[in-house]
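Presented below is the structure to which this report refers.
Numbers here are sequence positions counted from 1. Atoms within a ligand are numbered from 1 in the order they appear, just like the ligands themselves.
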Amino acid sequence: MNRPAEALLTALLAAHRQGRRLALLFDYDGTLTPLQPHPDLARLDPSARRLLERLARRPQIALGFLSGRTLKELQTLVALPEAYYAGTTGLELDLRGQRVVHPEAPNIAPSLAQLGQRLQRILPAYSGAWLEDKQWGLTVHYRAVQPDRIAALQTELQDVAESSLEQFRFIEGPRAVEIIPRLGWSKATAVDFILEALQQNLPSPVSGEGPGVRANTDDMVILPFYAGDSVNDEDAMEKVNSLGGLSVGVGPQAPPAAAYRLPNPVALHDLLTRFEKSL
Ligand SMILES: [Mg+2]
């Protein structure tokens, strides 16, 4: 942990020079954009989008975006057609035109609606808290709640979480809790989906092993890179670590699984700028 930007740039450039394909995967909020008082305000900086667009056009580089936001919202915010997307913490994906939704997701709708109603009864006592209904998941946002009310709200949410643990994961984010049906899909499985789709699109497989991502080999064709800022990025980082890739924590709340550290989204932008200039 805590390896600096310099080492990260060196690792990216070395992989590129070895002819490996780079899968540059990013969380959105807090990673590509600074956290905002309201999620509607988290817009991607135009210069960052242009940089990502130029990187995506390079044949050796593929881009992916993984978020707790809905797939539709994420695609609207990032707005890069040549990319892979995973929304609702990996439950819905767009693999460059191939749409994938967890087949069990529709069956969970009644219990999700019930849980939403339960939360709606709690939240009015906490001014500034609100519930986002994401079709396949829920998010309780509390960035605008008075600081002295937050602990009480967290305790109430914890009670709800404990009584619905079998069906739902409650993932603590920066002043928000994501609630995702426990269906076995996550940001980690989204990383797998994206890498597998990429592997299948490679012009010539290196050996006769066929599709699938080979782990822990120096000659792995694709090098995954994942940048995230909070605990909901931890499983994706662990996945990328297990594949010998580069996991990058952005900001002070990044999970300990991150092998490299950057202080904020601007530092990530700077790193990618320097990477592009060195290509
Ligand atoms: Mg984030």
Side-chain angles (χ1 to χ4, degrees), residues 1 5 8 23-45 48-49 52 63-80 83-93 130-132 134 136-144 150 154 157 169-180 185-191 194 224-241 245-272:
M1 180 179 136
L8 181 55
L24 303 182
L25 310 176
F26 305 94
D27 166 56
Y28 185 78
D29 293 275
T31 300
L32 287 174
T33 65
L35 290 172
Q36 298 288 345
H38 192 285
D40 288 354
L41 301 172
R43 302 281 163 186
L44 190 59
D45 182 77
R49 180 178 293 103
L52 291 169
L63 297 189
F65 301 91
L66 300 83
S67 174
R69 290 182 184 255
T70 65
L71 180 60
K72 193 176 166 202
E73 199 176 40
L74 179 65
Q75 288 183 304
T76 305
L77 286 166
V78 176
L80 292 172
Y84 295 83
Y85 292 90
T88 319
T89 314
L91 285 189
E92 44 172 358
L93 301 99
W130 56 283
L131 183 70
E132 182 187 0
K134 302 192 291 186
W136 310 124
L138 301 164
T139 303
V140 177
H141 295 272
Y142 58 90
R143 284 177 214 178
I150 286 176
Q154 284 173 328
L157 292 176
R169 294 169 66 201
F170 282 60
I171 310 165
E172 194 67 41
R175 294 278 189 261
V177 178
E178 276 177 33
I179 301 161
I180 301 295
W185 285 14
S186 62
K187 282 190 172 182
T189 51
V191 168
I194 293 170
F225 162 107
Y226 183 91
D229 72 307
S230 74
V231 67
N232 62 3
D233 299 301
E234 187 155 37
D235 58 3
M237 288 176 177
E238 282 166 358
K239 167 60 70 178
V240 162
N241 290 343
L246 308 170
S247 58
V248 186
V250 177
Q253 305 297 325
Y260 297 87
R261 287 268 163 178
L262 296 171
N264 50 44
V266 173
L268 177 60
H269 188 177
D270 288 348
L271 173 94
L272 295 173

(request) Compare all side-chain heavy atoms of Ile150 with those of Arg175 and state whether any distance is below 4.5 angstrom. (result) yes
(message) Listing by chain and number, which protein N, O or S atoms are under 2.8 Å from the Mg ion (ligand 1)?
(response) Asp27 OD2, Asp29 O, Asp229 OD1
(message) How about CD on Glu172, more than 12 heavy atoms from neighbouring residues, nucleotides or ligands closer than 6.0 Å, or not?
(response) yes
(request) Identify the residue among Tyr226, Tyr84, Tyr28, Tyr85 that makes a ring pair (Phe, Tyr, Trp, His ring centres under 6.0 Å) with Phe65. (result) Tyr85
(request) Hey, could you give me the CG/CG distance between Asp235 and Asp233, rounded to the nearest 0.5 Å? (result) 8.0 Å
(message) Measuring from atom CG of Leu8 to atom CG of Leu262, what distance do you get when rounded to the nearest 0.5 angstrom?
(response) 6.0 Å
(request) Check whether any side-chain heavy atom of Leu80 lies under 4.5 Å from a side-chain heavy atom of Arg49, and answer yes or no. (result) yes
